[in-house]
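Each residue takes its place number in the sequence, starting with 1. Atoms within a ligand are numbered from 1 in the order they appear, just like the ligands themselves.
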Amino acid sequence: MDQRTIGPYTVSAIGLGAMPMSMNGDRVYPDHDDAIATVHAALEAGVTFIDTADIYAPSWDTMGHNERIVRDALVTWGGSTDGILVATKGGITRTAEKDFGRDGSLAYLRSAVQKSLQNLGVDVIDLYQYHRPDRWLVYGEIIDNLKTLQSEGLIREIGISNASVEEIEIARQVLGDGGLASVQNEFSPRHPGSYGELRYCDEHGIAFLPWSPLGGTGGGARAVGERFGVFREIGEAHGVSPQQVVLAWELSLSPVVVPIPGARRAASIADSARAADLHLSADELARCAAAVNIEV
Ligand SMILES: NC(=O)c1ccc[n+]([C@@H]2O[C@H](COP(=O)([O-])OP(=O)(O)OC[C@H]3O[C@@H](n4cnc5c(N)ncnc54)[C@H](OP(=O)(O)O)[C@@H]3O)[C@@H](O)[C@H]2O)c1
């Protein structure tokens with residue numbers, strides 16, 4: 001599979017979004033063995049980048065569920081795990097009183113990282129992403145907290161998620177040149193709103209990881225070919241799924257783009273991974289951009 005870079009790491013151009021195996025729109029989850037088989041299908045297809053988060057879990061009191069699936073899949077994988085990058089995230093809280101709060105404080109982030117280390121079964125997290133801004137705190141101070149965790153040796157590379165251009169700029173200022181490895185924002189034909197952040201990352205050589213790149217688990221991903229007929233038509237011309245066309249189009253937008261399509265089923269990620277080898281003509285790419293209504 002084509003390779004791209006995230007900070008110092010070389011990874012497959014298509015990653016695996018592990019979230020749907022623990023949290024998704026219709027709340028139907030694969031059993032543990034099926035979830036492991038899905039991660040293994042990704043690895044078999046050449047995927048070397050897996051995105052997870054501490055909060056990806058069916059309920060507030062099962063946090064770490066998705067990280068543990070990823071850990072178990074890597075432990076039981078027959079091949080080498082060298083060169084597989086697992087990225088997790090923290091900064092969103094889940095409690096009985098409040099599902100999905102925010103906490104960017106140093107004490108909270110340190111305890112979240114320590115739990116993620118345990119769930120993932122590693123000594124250091126290769127890429128730790130700050131999940132979503134805590135609006136009660138100053139963004140630069142939160143990024144400085146991540147820098148502290150890096151200096152303590154708990155995390156190697158730092159990424160941010162759900163960030164505006166202004167927040168990306170703050171993170172770059174705090175972390176210095178080359179210090180920000182990645183930005184993970186929602187981006188798909190259905191939600192192209194982060195195109196400005198994608199362009200900013202392109203300009204500054206920061207990996208841009210589109211989340212929900214197909215339109216999300218609530219049916220958006222499944223129906224992308226119906227909602228955006230151009231992706232279906234181009235897929236038919238190449239004999240591939242509309243989802244592959246969406247991902248190939250996203251890859252074409254910049255060499256910094258690494259989409260992380262989610263999957264519960266092995267067949268989904270096996271199909272999505274093939275998008276890395278799908279090359280669209282200039283005319284096809286222009287038709288995709290027009291359908292999404294962005295100026296490339
Ligand atoms: N940073 C954030 O705030 C944030 C928020 C949301 C998600 N994310 C990350 O982004 C990843 C992807 O987002 P997402 O899972 O929400 O949405 P998505 O990737 O747009 O869609 C996932 C859904 O698409 C289906 N699918 C995937 N490949 C397919 C294919 N080739 N053909 C047909 N269907 C296909 C899957 O079906 P099956 O389930 O049937 O396999 C899955 O339910 C997540 O896993 C997570 O890692 C991050």
Side-chain angles (χ1 to χ4, degrees), residues 14-31 34-35 37-39 41-42 45 47 49-57 65-67 69-70 85-92 94 100 102 127-134 159-164 167 182-194 197 207-228 231-232 235 238 240-250 257-278:
I14 297 287
L16 168 68
M19 183 191 80
M21 293 181 276
S22 304
M23 204 160 89
N24 61 57
D26 44 34
R27 294 171 182 253
V28 175
Y29 305 109
D31 66 27
D34 286 345
T38 296
V39 180
V47 169
F49 174 44
I50 303 174
D51 181 74
T52 180
D54 57 1
I55 58 157
Y56 295 165
H65 183 270
N66 201 248
E67 293 177 324
I69 288 174
V70 173
L85 173 63
V86 176
T88 193
K89 312 181 200 80
I92 297 183
R94 296 188 71 176
F100 308 118
R102 308 270 186 276
L127 174 60
Y128 196 73
Q129 305 161 99
Y130 178 56
H131 207 150
R132 209 174 256 281
D134 176 350
I160 55 177
S161 181
N162 300 298
S164 64
E167 285 158 344
S182 59
V183 172
Q184 182 179 142
N185 276 8
E186 182 168 23
F187 183 80
S188 67
R190 187 168 166 229
H191 288 287
S194 277
E197 283 76 22
F208 183 86
L209 319 176
W211 66 254
S212 294
L214 298 170
T217 61
R222 259 189 306 274
V224 70
E226 282 88 71
R227 181 152 177 196
F228 297 90
F231 292 95
R232 191 193 60 247
H238 287 265
V240 302
S241 67
Q243 287 81 7
Q244 271 190 51
V245 179
V246 170
L247 296 169
W249 170 70
E250 290 173 1
V257 170
V258 183
I260 46 169
R264 274 175 295 197
R265 294 171 304 121
S268 299
I269 187 59
D271 184 67
S272 292
R274 287 195 281 274
D277 301 318
L278 174 64

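- One N or O on the side chain of R264 and one on the backbone of V28 form a donor-acceptor pair closer than 3.5 Å.
- The two residues F100 and M23 make their nearest non-hydrogen contact at CZ-SD, 4.3 Å.
- At least one N/O-N/O distance between S268 and ligand 1 falls below 3.5 Å.
- R222 meets the salt bridge (Lys or Arg N to Asp or Glu O under 4.0 Å) test with D26; sequence neighbours excluded.
- Scanning all heavy atoms of the two residues, the minimum distance from V258 to G15 falls at CG1-N, 4.3 Å.
- Counting only heavy atoms from C-beta outward, the side chains of I269 and P261 approach each other to under 4.5 Å.
- Annotation for V246 and P189: closest pair CG1-CD, 3.7 Å, computed over non-hydrogen atoms.
- Close N/O approach between G262 and ligand 1 is found [any backbone or side-chain N/O within under 3.5 Å].
- Of the polar atoms of S241, none of the N or O atoms is found under 3.5 Å from an N or O of ligand 1, judged by distance alone.
- Atom 16 (O) of ligand 1 has S212 OG, 2.8 Å as its closest protein atom, hydrogens excluded (heavy atom only).
- Evaluated by nearest non-hydrogen atom to atom 9 (C) of ligand 1, the leading choice among Q184, M19, R265 is Q184.
- The aromatic rings of F187 and W249 lie parallel to each other, their planes meeting at an angle below 30°, with 60° marking the opposite boundary.
- Nearest-residue assignment for atom 8 (N) of ligand 1 (options Y130, F187, Y56; heavy-atom criterion): Y56.
- Contacts between A267 and ligand 1, counted as non-hydrogen atom pairs separated by less than 4.0 Å, are absent for every part of the residue.
- In this structure, the protein non-hydrogen atom closest to atom 1 (N) of ligand 1 is S161 OG, 2.8 Å.
- Among all protein heavy atoms, the one lying closest to atom 47 (O) of ligand 1 is D51 OD2, 2.6 Å.
- Shortest contact from atom 10 (O) of ligand 1 to any protein heavy atom: W211 CB, 3.3 Å.
- Looking at K89 against ligand 1, only its side chain comes within 4.0 Å, counting heavy atoms.
- Within the structure, ligand 1 has P261 among the residues with a heavy atom less than 4.0 angstrom away.
- V240 pairs with exactly one of L278, D277, D271 by the side chain to side chain contact (heavy atoms under 4.5 Å, CB included) rule, that one being L278.
- Inclusion of L214 in the set of residues having an N or O under 3.5 Å from an N or O of ligand 1 is warranted.
- Close approach to A263 involves these atoms of ligand 1, each under 4.0 Å from a residue heavy atom: 41 (O).
- Shortest non-hydrogen contact noted between T52 and N66 is OG1-OD1, 2.8 Å.
- Neither the backbone nor the side chain of E186 comes within contact range of ligand 1; no heavy atom lies under 4.0 Å.
- Closest approach of Y56 and S22 over heavy atoms only: O-CB, 3.3 Å.
- Nearest heavy-atom pair, G90 versus Y128, reported as atom, atom and distance to 0.1 Å: CA-OH, 3.1 Å.
- Nearest non-hydrogen protein atom to atom 3 (O) of ligand 1 is N162 ND2, 2.9 Å.
- In this structure, H131 is part of the shell of residues with a heavy atom less than 4.0 angstrom from ligand 1.
- Remark: among candidates G225, G220, G216, the nearest residue to atom 20 (O) of ligand 1 is G216, based on non-hydrogen atoms.
- Distance from atom 23 (C) of ligand 1 to its nearest protein heavy atom, with residue and atom name: A221 CB, 3.6 Å.
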Practice task
Could you walk me through whether I160 and Q129 pass side-chain contact (heavy atoms from CB on, under 4.5 Å), step by step?
Solution key: CA-CA 5 Å; I160 55 177; Q129 305 161 99; over 6 Å; no
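- Ligand-side atoms of ligand 1 in range of P20: 15 (O), 45 (O), range being under 4.0 angstrom from any heavy atom.
- Although no hydrogens or angles enter the test, the distance criterion places no donor-acceptor pair under 3.5 Å between the side chain of S194 and the main chain of E197.
- Any N or O atom pair closer than 3.5 Å counts here, and R264 shares at least one such pair with ligand 1.
- The protein atom (non-hydrogen) at minimum distance from atom 28 (N) of ligand 1 is S272 OG, 2.9 Å.
- For atom 11 (C) of ligand 1, the closest non-hydrogen atom of the protein is I260 O, 3.2 Å.
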Exercise for the section: Starting from the C-alpha separation in whole Å, work towards a yes-or-no answer on side-chain contact (heavy atoms from CB on, under 4.5 Å) for K89 and I55. Expected result: CA-CA 8 Å; K89 312 181 200 80; I55 58 157; over 6 Å; no
